[in-house]
Amino acid sequence: MRKSKTAVVNTQSPATDSDLSIPQSFTVTVSVRRFNPDVDQETYLQDFEVEMYATDRVLDALHKIKWEQDGSLSFRRSCGHGICGSDAMRINGLNRLACKTLMKDLDVTKPIIIEAIKGLPLEKDLIVDMEPFFAAYREVLPFLMPSGAEPERERIQSQEDRARFDDSTKCILCAACTTSCPVFWTDNQYFGPQAIVGAHRFIFDSRDSGAASRLEVLNSKEGVWRCRTTFNCTDACPRGIQITQAIAEVKQALIRGKI
Amino acid sequence: MAPIPATLYRGREGMWSWVAHRITGVAVFFFLFVHVLDTALVRVSPEDYNAVIESYKTPIVNFLEVGLTGAVLYHALNGIRLILVDFWSKGPKYHRVMLWVISVIWIVIMIPGFYFMTKHTFEQMFGGN
Ligand code: HEM
Ligand code: SF4
Ligand code: FES
């Protein structure tokens with residue numbers, strides 16, 4: 001079924017020459033996997049037509065649908081700028097942030113398929129229950145566990161020591177990685193890549209002394225050894241974190257018994 | 001729990017190489033299972049063993065053998081790649097390059113492999129002597 005309430009008006013550029021300074025809009029079909037727990041037994045794809053510019057984001061398309069066509073469309077977003085981690089979703093079959101995916105990077109001649117992330121309980125449309133994901137993160141003790149007496153000033157760290165875990169500090173807890181993982185889809189108990197990244201952030205921090213406890217958690221049955229190195233997490237991370245590398249480093253730390 | 005949308009995740013090289021690794025791993029496992037059974041048969045009845053082995057000498061089984069060789073070869077080469085991903089510090093960075101390298105090695109081995117393994121069958125089928 002195709003709902004088309006927006007009239008499609010292309011920019012009123014004179015047909016004389018292809019003036020590059022005037023951006024051209026175009027109509028794109030956005031196919032959203034809908035689900036309303038009150039009425040639906042199954043999810044279904046619903047098509048919307050929206051007018052977009054090449055520089056628009058998928059999030060803009062969702063806004064247009066929600067604000068102009070169907071107010072019942074449900075999704076999470078907050079910052080709109082890739083920092084709050086609210087709007088991870090499957091865009092054309094790959095986990096992406098809607099706010100960081102531009103029209104010009106998608107094939108707009110075909111419908112853009114938008115679905116909720118996989119492996120977490122679906123609540124409505126593009127919204128899933130993130131609680132199991134956050135619970136896994138909490139389990140790896142994601143806070144600084146310093147040793148010794150509290151210093152009077154800040155805890156000093158060399159640039160080299162800081163660089164050691166720089167990559168894993170970038171995580172915004174969007175769940176794009178964990179819900180792209182085939183192991184997580186079939187085994188919801190697996191801690192998942194994000195929790196390992198979160199643990200890595202502190203395990204390799206020279207100011208921290210809780211590595212042993214975190215490594216113990218990750219050495220469990222549902223820990224790092226579940227990882228099958230499919231690289232889906234690394235490919236999905238909107239922050240470009242080398243997740244599989246971080247997981248490999250945790251595996252190494254466990255095997256060698258040192259960091 | 002609400003139904004999880006069932007559309008296939010598109011993935012990239014890493015995911016598909018893993019899918020192939022698991023399929024070839026399971027396939028090789030089932031081959032070995034059957035192979036243990038047919039080999040064990042020799043101690044039960046050498047005549048039946050001979051009959052079973054004789055029944056393998058058909059073009060179809062020959063092509064299955066080529067498939068098995070391809071599966072084992074992929075599984076072994078990719079297995080080495082996975083070991084490097086986990087144990088070589090630059091492994092994760094070069095995982096895609098390593099996949100192309102093992103693909104090339106696989107093709108280079110499988111072309112003559114296919115030729116020599118199926119030579120006999122082709123001669124039988126089309127050679128006519
Ligand atoms: C030729 C030497 C072999 C090598 C180098 C090898 C290597 C590996 C490695 C490294 C893994 C782990 C993959 C991962 O972490 O995701 C693996 C998994 C596996 N292997 Fe092998 N293997 C070999 C032979 C075999 C044989 C003979 C069988 C069958 C009996 C087999 C069946 C499997 C299966 C079922 C898996 C599990 C796949 C998965 O978890 O996705 N492998 N192999
Ligand atoms: S590691 Fe990347 S993909 Fe995973 S939750 Fe953090 S920011 Fe998102
Ligand atoms: S809306 Fe905040 S990360 Fe996309």
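- No other option in A:Val128, A:Asn95, A:Asp129 has as many heavy-atom pairs under 4.5 Å with chain B as A:Asn95.
- Under the 4.5 Å side-chain criterion, counting only non-hydrogen atoms from C-beta, A:Phe231 is in contact with B:Pro92.
- To the nearest 0.5 angstrom, B:Tyr9 atom OH is 7.0 Å from A:Thr179 atom OG1.
- Rounding to the nearest 0.5 Å places CZ of B:Arg10 at 11.5 Å from CZ of A:Arg90.
- The nearest pair of heavy atoms linking B:Lys93 to A:Gln245 is N-OE1, 4.4 Å.
- Only the backbone of B:Ser89 comes within less than 4.5 Å of a heavy atom in chain A; its side chain stays farther off.
- The candidate from B:Leu82, B:Val19, B:Asp86, B:Val85 with the greatest count of non-hydrogen atom pairs under 4.5 Å with chain A is B:Asp86.
- Between A:Arg228 and B:Arg22 the shortest side-chain heavy-atom distance falls below 4.5 Å.
- To the nearest 0.5 angstrom, B:His95 atom NE2 is 9.0 Å from A:Thr229 atom OG1.
- Shown here is A:Glu160, whose CD atom has no more than 12 heavy atoms of other residues, nucleotides or ligands within 6.0 Å.
- For B:Ile60, the CD1 atom is loosely surrounded, since the number of other residues' heavy atoms within 6.0 Å does not exceed 12.
- A:Gln252 and B:Phe87 get closest at one heavy-atom pair: NE2-CA, 3.2 Å.
- Contact of A:Ile255 with chain B is made through the side chain alone, with heavy-atom distances under 4.5 Å.
- More than 12 heavy atoms of other residues, nucleotides or ligands sit less than 6.0 Å from atom NZ of A:Lys170.
- Closest of all the heavy-atom pairs between B:Gly11 and A:Asn232 is CA-OD1, 4.2 Å.
- The pair A:Asp235-B:Arg96 meets the salt-bridge criterion, since a charged nitrogen lies less than 4.0 angstrom from a carboxylate oxygen.
- Using non-hydrogen atoms only and a strict 4.5 Å limit, no part of residues 27-36 of chain B faces chain A.
- Looking at A:Ser180, both its backbone and its side chain come within 4.5 Å of chain B, counting heavy atoms on both sides.
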